[in-house]
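Okay, structure first, notes after.
Residue numbers count from 1 along this sequence.
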Amino acid sequence: MHNPSLITSIEARNQAYRESLENPEEFWGHVADQFTWKRKWDSVLDWNFEEPNVRWFDGAQLNITENCLDRHLPERGDEIALIWESNSPNEESKKYTYNELHEAVCVFAQVLRSGGIKKGDRVCIYMGMVPELAIAVLACARVGAIHSVIFGGFSAHSVADRVNDAQATAIITCDGAYRGAKDIPLKAIIDEALQHCNSVKTVWIYERTNIEIELKEGRDILWKQAIAHVNIQEAINTPAETMEAEDPLFILYTSGSTGKPKGVVHTCGGYMVWTHYTFTNAFQYQRGWVHFCTADIGWITGHSYILYGPLTAGATTLLFEGIPTYPNPDRFWEIVEKHNVDILYTAPTAIRSLMSAGNDWVMNHKMPSLKVLGTVGEPINEEAWQWYHKMVGKGNCEIVDTWWQTETGGVLISNLAAVTPSKPTFATLPLPGVEPLLVDENGNEIFGNNVSGNLCIRKPWPGILRTTWGDHERCKQTYFSTYPGLYFTGDGALRDENGNYRITGRVDDVLNVSGHRIGTAEVENAINLHTGVIESAIVGYPHDIKGQGIYAFVIYQGLETDLRTLSHQINETVSREIGAIAKADKIQIVSGLPKTRSGKIMRRILRKIAEGELESLGDTSTLLDPSMVDSIIQGRL
Ligand code: PRX
């Protein structure tokens, strides 16, 4: 399949960029022409950022899975769509051709239909990284159900919050999930979560680890029994549901500055066009390449660049169940060698952690197939960039530093591999359709180069979020009200003399720990539930491996006197409420928090203390009790 919108030179990139901004309708209409639509659009783009209301390809009808699967069958039905690599190097990998993946998706779609799942119903998916996860996601899209994948590391409490917010009627899960040496009891966590959810009627369970599970009569169905009843021919012949371009495709919950995660909504048409366009252009995907994105499908990176982007392009996508350091810190390199991976896409945290394991682990692997190395999720430091380039890529691979967010659906700022130049620690230039700008705190645009400010985007691109589930006002307030008329990313950035962007990190109360987004308010709420905790404040601090670590200042008046035990207990509470990813790295017990006279916690001061920048605490005279700062500094960890 020839991809007419693949950009192959700097000139073509500049031209595409210009055209995409001058005439977005014509530009994106042309790009969208490559896809299979059941009906073409009446208009390419209608939008305003006031409500906000963004509609791409309005009036068009499609099913995204026909673009991921069916349309590839005549030409590449026998080519590999999905390679699955187990947590254990000793277990055989599995491969699905496009024909096989198509069949598996059609079969599970039939299971969903016979379970009463209809277009628009919400289905939560809480599984390990097994092929059946990909199949479940695509089967939902096939029947028009809105999938909401919940990362397997979230606690029962977090699962329940998400299920209730989405009012999901069904759950697809596993008995357990292997992650390194662990077997995580997913089904037991679902059982606990569902004690607090009334909307769920059916739970399908794929058995992966054979950990003991309890089945609830009338609600729980084993995956293998369900598919055994499906007539395969009938399943394949049942048409995929007709979806409007602007019908929701999925909800994905992400953390913000308030305590409650929000359900970012992406729709069928624009998201498809955007993930495909960005996948093929940023990575410069070529037919026959194997693409290995190491993210979990529980996050947006997995949605866009394990599933939808690669599959709409007809690529071979690799799904890895395990973690980079198990059984040894060369698991990624082993997989790259074994499957002749062409594109490796991972997070700076993983790169730093593998770098700290020593060069021998990577030097033992030649990896001649590698062509493009991608990074995503957090700022990459120069040292990690260079190591990735020299040690992993042996100096021969392009590095693409892709900046984007759950809300953006796909990459917004990145170099295009071997087409536009890379610059270590810079995401570089915007993709066609993306018009970034920097503003100061009052919303005034900062012009010129060698400047920094808050990163906003001026116009909609096809993959922009449309709403936050059940609460459009929240979407408006969070993204479109800080700077009226602009989409506000929550990130700070600087622009160099050539217009390249470097993302410097969040400017709101959101932390980025190991590439995972964590809201400070969420963690504080969890810590405050611990018996004896009066109040707490969370800030981030630089962490060698995780990028940012979590530093908690806690006022405690309970009975526990041993600090280690107390810290452990507090983190257990965080684990129970949110999940282990949100555990604090440092917990300091304090007698009070620095507050203004109006009672607002001065986080800026706490951040400086956590970072160890004691010289630059700034003005503390507006504090209710300035001496509080000295006592916190004395107890600093
Ligand atoms: O702060 C930015 C950071 O990750 C945030 C988005 O997180 P999430 O929605 O979980 O999506 C992560 C995967 C797309 C951004 O606001 N971020 C993401 N990519 C980069 C980055 N920071 C610097 N450089 C990047 N390449």
Would you say [X]'s side chain and [Y]'s backbone share a donor-acceptor pair under 3.5 angstrom?
X	Y	result
W461	T408	yes
S148	I251	yes
T504	G492	yes
T482	F488	no
Q548	V513	no

Point-to-point distance, once rounded to the nearest 0.5 Å, from [atom1] of [X] to [atom2] of [Y]:
X	Y	atom1	atom2	value
L465	Y487	CG	OH	6.0 Å
L138	F108	CG	CZ	12.0 Å
L307	T317	CG	OG1	7.0 Å
S255	I578	OG	CD1	7.5 Å
I190	I171	CD1	CD1	4.5 Å
S20	E26	OG	CD	12.0 Å

Determine the minimum heavy-atom distance between [X] and [Y], stating which atoms define it.
X	Y	answer
V54	P460	CG1-CB, 3.8 Å
A582	I518	CA-CD1, 3.9 Å
V149	I297	CG1-O, 3.8 Å
C197	V163	SG-CG1, 3.8 Å
A32	W41	CB-CH2, 3.5 Å

Applying the salt bridge (charged side-chain N to carboxylate O under 4.0 Å, His left out) criterion to D165, which one of K262, R122, K260, R474 satisfies it?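 When K262, R122, K260, R474 are each tested with D165, the salt bridge (charged side-chain N to carboxylate O under 4.0 Å, His left out) holds only for K260.
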
Answer with yes or no whether the side chains of [Y] and [X] bring together a donor and an acceptor at under 3.5 Å.
X	Y	answer
Y501	R495	yes
N454	Y483	yes
D46	S43	yes
E246	T267	yes
N3	S5	yes
Y345	T402	yes
N48	E51	yes
D70	H102	yes
E378	T349	yes
W403	D491	yes

Kindly indicate whether a cation-pi arrangement holds for R287 with Y285, taking the cut-offs as under 6.0 Å to the six-membered ring centre and within 45° of the axis.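 Judged by the rule, R287 and Y285 form no cation-pi pair.
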
Tell me every residue that passes salt bridge (charged side-chain N to carboxylate O under 4.0 Å, His left out) with [X], counting only those two or more places apart in sequence or in another chain.
X	answer
E522	none
D58	R55
E435	R458, K459
D440	none

Please check if the distance between the ring centroids of F250 and Y271 is under 6.0 Å.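 Yes: the rings meet the under 6.0 Å criterion.
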
Does the separation of the ring centres of H266 and H303 fall below 6.0 angstrom?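 Ring centroids of H266 and H303 are no less than 6.0 Å from each other.
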
Does K118 come within less than 4.0 Å of E241, counting only side-chain N to carboxylate O?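 No.
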
Working for side chain to side chain contact (heavy atoms under 4.5 Å, CB included), residues I135 and L101: CA-CA 7 Å; I135 291 163; L101 187 60; 3.9 Å; yes

Report the C-alpha distance between M127 and W223 in whole Å, list the side-chain angles of each, state the deciding distance to 0.1 Å, and finish with yes or no for side chain to side chain contact (heavy atoms under 4.5 Å, CB included). CA-CA 12 Å; M127 299 173 83; W223 176 293; 4.3 Å; yes

Can F279 and H291 be said to form a ring-ring contact (aromatic ring centres under 6.0 Å, His included), step by step? CA-CA 10 Å; F279 171 72; H291 171 75; 4.8 Å; yes

For side chain to side chain contact (heavy atoms under 4.5 Å, CB included), just list the numbers for Y308 and V137, CA-CA rounded to whole Å, side-chain angles, deciding distance to a tenth of an Å, and then say yes or no. CA-CA 10 Å; Y308 291 111; V137 167; 3.6 Å; yes

With T346 via side-chain hydrogen bond (donor to acceptor under 3.5 Å, both in side chains) - residues at least two apart: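 For T346 the side-chain hydrogen bond (donor to acceptor under 3.5 Å, both in side chains) partners, ignoring immediate neighbours, are T294.
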
List for me each residue that meets side-chain hydrogen bond (donor to acceptor under 3.5 Å, both in side chains) alongside T278, sequence neighbours excluded, and say none if there are none.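 Testing T278 for side-chain hydrogen bond (donor to acceptor under 3.5 Å, both in side chains), a comparison that skips the adjacent residues, returns Y305.
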
The test is side chain to side chain contact (heavy atoms under 4.5 Å, CB included); show your working for M272 and L249 and say whether it passes. CA-CA 10 Å; M272 170 178 77; L249 172 64; over 6 Å; no

Are there more than 12 heavy atoms of other residues, nucleotides or ligands under 6.0 Å from atom NE2 of H30?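 It does not: H30 NE2 has 12 such atoms or fewer within range.
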
Would F57 and W37 satisfy ring-ring contact (aromatic ring centres under 6.0 Å, His included), going step by step from the backbone distance to the final call? CA-CA 10 Å; F57 312 111; W37 301 91; 5.6 Å; yes

For W274 and W28, run ring-ring contact (aromatic ring centres under 6.0 Å, His included): C-alpha distance rounded to whole Å, both residues' side-chain angles, the deciding distance at 0.1 Å, then the answer. CA-CA 10 Å; W274 190 244; W28 292 109; 5.6 Å; yes

Evaluate T468 against Y479 for side-chain hydrogen bond (donor to acceptor under 3.5 Å, both in side chains), listing each step before the verdict. CA-CA 10 Å; T468 45; Y479 307 105; over 6 Å; no

With ring-ring contact (aromatic ring centres under 6.0 Å, His included) as the criterion, how do F49 and W47 come out once you've worked through the C-alpha distance, each side chain's angles and the decisive distance to 0.1 Å? CA-CA 7 Å; F49 273 175; W47 70 285; 5.0 Å; yes

For T65 and R142, what are the C-alpha separation, side-chain angles and deciding distance, and is it a side-chain hydrogen bond (donor to acceptor under 3.5 Å, both in side chains)? CA-CA 6 Å; T65 68; R142 190 116 181 136; 2.9 Å; yes

